[in-house]
Q: 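One structure is given below, represented as structure tokens, and several questions about it will come after.
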Amino acid sequence: MGKQAKTAIEPTREENYPEWYQEVIKASDMAEISPVRGCMVIKPWGYALWENIMRSLDDMFKTTGVKNAYFPLFIPINFLEKEAAHVEGFAKECAVVTHHRLEQDENGRLIPAGKLTEPLIVRPTSETIIGDSFSKWVKSYRDLPILINQWANVVRWEMRTRIFLRTSEFLWQEGHTVHATREEAIDRTQMMLEVYRKMAEEYLAIPVITGEKSEAEKFPGAETTTCIEAMMQDRKALQAGTSHFLGQNFARASEIKFQSDKEAEEYGWTTSWGSSTRLIGGLIMTHSDDNGVILPPRVASSHVVLMPIIRKDKDKQMVMDYTDELAARLRNISYYGYPIRVEVDARDIGGARNWEWIKKGIPLRVEIGPKDIASDSVFVGRRDKDPKDKSAMGKDAFADDICRILDEIQNTLFQRALDYRKAHTRNIDDKEAFDHFFTPENKERPEIHGGFAMSHWCGDGACEKKIKERLNVTVRCIPYDQENEDGKCIECGKPSGKRVVFAKAY
RNA sequence: CGGGACGUGGCUCAGUCUGGUAGAGCACAGCGUUCGGGACGCUGGGGUCGCAGGUUCAAAUCCUGCCGUCCCGACCA
């Protein structure tokens with residue numbers, strides 16, 4: 001009769017969202033903070049999720065003709081210097097390597113010796129180092145387009161870190177392309193944004209708004225930055241992927257030039273696009289509840305856990321055989337081209353076993369005991385339903401139906417998230433209503449409030465800045481999917497032809 | 001980097017004000033009883049009290065510095 005909490009995670013989302021987030025991750029065993037400031041250890045349950053995300057994205061990239069390559073972790077400082085806006089954007093958060101040797105002092109302490117004549121930065125992003133290679137690879141229009149992606153770690157020395165959402169080191173992919181024409185580069189930017197939208201919505205079950213960033217929010221050095229924006233359960237916006245049209249800015253900086261079919265020397269048109277382990281943070285904050293993580297089946301670390309229930313020693317062999325046989329059968333089933341991922345958990349640790357898997361977010365939990373076996377059935381719990389809501393199914397029916405059930409869970413999660421976003425998205429045309437929307441009732445301990453305000457904006461950075469200073473609300477994106485509509489800027493009242501998404505952001 | 005809170009077994013915390021043998025619950029291991037159940041009993045393992053100095057006969061406790069975590073801000077995927 002232990003002290004049984006109402007929810008597996010404390011505090012609840014309502015009570016303290018940021019702390020809930022930390023606790024959910026801890027309880028799921030996906031990752032932990034490391035002894036290194038701002039860095040995380042991604043544990044197997046979290047890394048499996050990342051592997052599935054990587055695999056799906058990688059397949060999609062390759063379908064569009066992109067090939068993988070790898071570029072150095074270290075970048076000479078003068079490479080970064082080449083693009084002015086880029087310098088301004090990244091210089092402050094660069095980790096710098098200044099020495100190449102350690103020597104022991106009299107106390108046995110290791111002291112950096114061997115100062116580098118040219119310090120190196122640890123890549124915060126790779127436009128410049130990849131641009132250097134591209135400048136050598138591109139001679140003629142016949143060499144174009146160049147379509148490259150790398151899976152890598154990057155370092156941005158952030159002031160404030162949050163596991164998965166903003167860590168000093170994080171894992172990501174960065175795609176870099178060069179094209180002969182502006183139009184082709186813009187097409188590529190859009191194409192990759194669509195890959196991210198698809199990844200978010202169809203795999204992670206995170207509904208997103210696609211659009212363009214404002215001048216203030218765009219990538220340093222980009223001509224335009226496009227993005228996917230999602231609403232978390234605290235109603236803040238999370239940028240979950242970006243695709244940049246870089247114009248000729250980086251081509252000029254890195255001397256990416258080619259001979260056109262008209263025999264003229266021209267600068268290439270480049271793009272870059274990235275998504276990171278932040279997606280995992282977004283997934284957690286979109287779907288998880290007060291009992292822990294909920295993983296969408298298409299990227300879930302595992303799909304189903306089989307939990308044999310063994311009451312008496314004499315049953316043990318029989319129950320285990322039945323379980324192992326079902327595990328093998330399920331592993332032979334293909335779900336979107338890959339085998340069903342099955343865990344068998346035979347630990348005798350009581351109900352804690354069941355709750356562990358709930359907190360880890362596995363889509364399906366299956367209990368298998370002598371009673372079930374007698375009727376050739378299994379006892380199934382779904383993570384998109386209440387923990388107590390479990391039901392018996394014929395074993396064959398379960399195996400035959402598992403893909404459909406997983407899809408059902410996938411769809412439920414997406415629909416739930418979409419409904420939530422819709423419920424907290426408003427068209428707001430009145431400044432007072434706008435301010436009220438973004439102001440918590442309780443200023444001391446702000447409750448979950450606000451959401452996405454679809455409001456008119458004149459496009460002036462000054463208005464954007466005023467709103468940010470007053471409410472800490474920014475233009476998250478200028479959505480593509482909307483009709484042009486005349487209105488007045490929510491801040492200054494000047495005419496505007498479009499609504500934009502205003503929200504507090506991660 | 002500014003403001004605030006905090007740092008004691010894996011986790012949550014007591015002990016700090018008033019210096020005097022490091023504690024509890026949960027978790028973990030063993031045995032037993034239970035169990036379609038986030039069980040119960042007994043036994044046991046595990047902590048140089050974030051780090052480094054200082055004061056003192058004596059420091060988790062007092063002083064100084066540093067490091068880290070969380071929250072709010074500035075910055076950002």
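In what follows, chains carry the letters A, B, and so on, assigned in the order in which the sequence lines appear, proteins first and then strands, with residues in each chain numbered from 1.
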Q: Hey, is the side chain of N354(A) poking within less than 4.0 Å of OP1 or OP2 on rG36(B), counting only N and O atoms?
A: no
Q: Contact class for R278(A) vs. all strands (heavy atom < 4.0 Å): base, sugar-phosphate, or nothing?
A: base
Q: When you compare rU69(B) with rU12(B), how far apart are their C1' atoms, in angstrom units rounded to a whole number?
A: 16 Å
Q: Check this one for me: any side-chain N or O of R162(A) less than 4.0 Å away from OP1 or OP2 of rC71(B)?
A: yes
Q: Ring pair (Phe, Tyr, Trp, His ring centres under 6.0 Å) with F414(A): which residues, sequence neighbours excluded?
A: none
Q: Classify R353(A) by what it touches in the nucleic acid, base, sugar-phosphate, or nothing, heavy-atom distance under 4.0 Å.
A: nothing
Q: Return yes if some donor-acceptor pair links the side-chain N/O of R156(A) with the main-chain N/O of P124(A) below 3.5 Å, else return no.
A: yes
Q: Nearest whole Å is fine: how far is rA77(B) P from N153(A) CG?
A: 18 Å
Q: How close do V501(A) and P479(A) get, heavy atom to heavy atom, and via which atoms?
A: CG2-CG, 3.7 Å
Q: Under a 4.0 Å heavy-atom cut-off, which of residues 281-293 of chain A touch RNA chain B?
A: none
Q: Would you verify whether the NZ or CZ of K236(A) falls within 45 degrees of the ring axis of Y17(A) while also being under 6.0 Å from that six-membered ring's centre?
A: no
Q: Show every salt bridge (Lys or Arg N to Asp or Glu O under 4.0 Å) that has at least one partner inside residues 49-62 of chain A, sequence neighbours left out.
A: D58(A)-K62(A)
Q: Can you tell me how far P in rC63(B) sits from the matching atom in rC75(B), rounded to whole Å?
A: 36 Å
Q: Could you tell me how far apart L193(A) (CG) and rA77(B) (P) are, to the nearest whole angstrom?
A: 15 Å
Q: Sequence neighbours left out, cut at 3.5 Å: what donor-acceptor pairs do the side chains of residues 80-98 of chain A make with other protein atoms?
A:
{"residue": "E83(A)", "atom": "OE1", "partner": "A85(A)", "partner atom": "N", "Å": "3.1"}
{"residue": "E83(A)", "atom": "OE1", "partner": "H86(A)", "partner atom": "N", "Å": "3.0"}
{"residue": "H86(A)", "atom": "ND1", "partner": "P220(A)", "partner atom": "O", "Å": "3.1"}

Q: Find the distance I163(A):CD1 to rC71(B):C1' and express it as a whole number of Å.
A: 17 Å
Q: Check whether any side-chain nitrogen or oxygen of N472(A) sits under 4.0 Å from OP1 or OP2 of rC72(B), and answer yes or no.
A: no
Q: Mind jotting down which residue pairs meet the salt bridge (Lys or Arg N to Asp or Glu O under 4.0 Å) criterion with at least one end in residues 270-279 of chain A? Sequence neighbours excluded, please.
A: none
Q: If you look at every strand shown and take non-hydrogen atoms under 4.0 Å, does F219(A) touch a base, only sugar-phosphate, or nothing?
A: nothing
Q: What does G381(A) touch in the nucleic acid at a heavy-atom separation under 4.0 angstrom: a base, only the sugar-phosphate, or nothing?
A: nothing
Q: According to the Watson-Crick and G-U wobble definitions, with both distances under 3.5 Å, which nucleotide is paired to rA77(B)?
A: none
Q: Considering only atom C1', compute the distance from rC13(B) to rU8(B) and round it to an integer number of Å.
A: 9 Å
Q: Whether the S275(A) and Q173(A) side chains hold a donor-acceptor pair (N or O, under 3.5 Å, no angle test) is what I'd like checked.
A: yes
Q: Salt bridge (Lys or Arg N to Asp or Glu O under 4.0 Å), that's the test. Do R197(A) and E202(A) meet it? Break it down for me.
A: CA-CA 8 Å; R197(A) 187 207 58 78; E202(A) 295 177 18; 3.8 Å; yes
Q: In whole angstrom, give me the gap between the P atoms of rG36(B) and rC26(B).
A: 23 Å
Q: Tell me, do L471(A) and F434(A) make a side-chain contact under 4.5 Å, heavy atoms counted?
A: yes
Q: Let's test this: given Watson-Crick or G-U wobble pairing with both distances under 3.5 Å, identify the partner of rC28(B).
A: rG44(B)
Q: RNA chain B: C39(A) or S276(A), which has the more 5' nearest nucleotide?
A: C39(A)
Q: Which residue, R160(A) or S168(A), contacts RNA chain B at a nucleotide closer to its 5' end, judged by nearest heavy atom?
A: R160(A)
Q: Taking only heavy atoms on the protein side, list every residue of residues 358-377 of chain A lying under 4.0 Å from any atom of RNA chain B, sorted numerically.
A: K359(A), E367(A), G369(A), P370(A), K371(A), D372(A)
Q: How far, in whole Å, is rG23(B) from rU61(B) if one measures between their C1' atoms?
A: 15 Å
Q: What integer number of Å spans the C1' atoms of rA52(B) and rG7(B)?
A: 16 Å
Q: Considering every strand shown, what is the Watson-Crick or G-U wobble mate of rU61(B) when both distances are under 3.5 Å?
A: none
Q: Taking a pair as Watson-Crick or G-U wobble with both distances under 3.5 Å, which nucleotide is matched to rU33(B)?
A: rA39(B)
Q: So T474(A), base contact, sugar-phosphate only, or nothing? Heavy-atom distance under 4.0 Å.
A: nothing
Q: Would you say K468(A) places a side-chain N or O within less than 4.0 Å of OP1 or OP2 belonging to rC75(B)?
A: yes
Q: Can you classify the ring geometry of H244(A) versus F219(A) as parallel (below 30°), tilted (30 to 60°) or perpendicular (above 60°)?
A: parallel
Q: What integer number of Å spans the P atoms of rC51(B) and rA60(B)?
A: 11 Å
Q: I33(A) CD1 to rG10(B) P: how many Å, rounded?
A: 14 Å
Q: Once you round it to whole Å, what is the distance between P of rU34(B) and CD1 of I310(A)?
A: 17 Å
Q: Need one value for E158(A): base, sugar-phosphate or nothing, where a base atom within 4.0 Å counts as base even if backbone is also close, heavy atoms only.
A: base
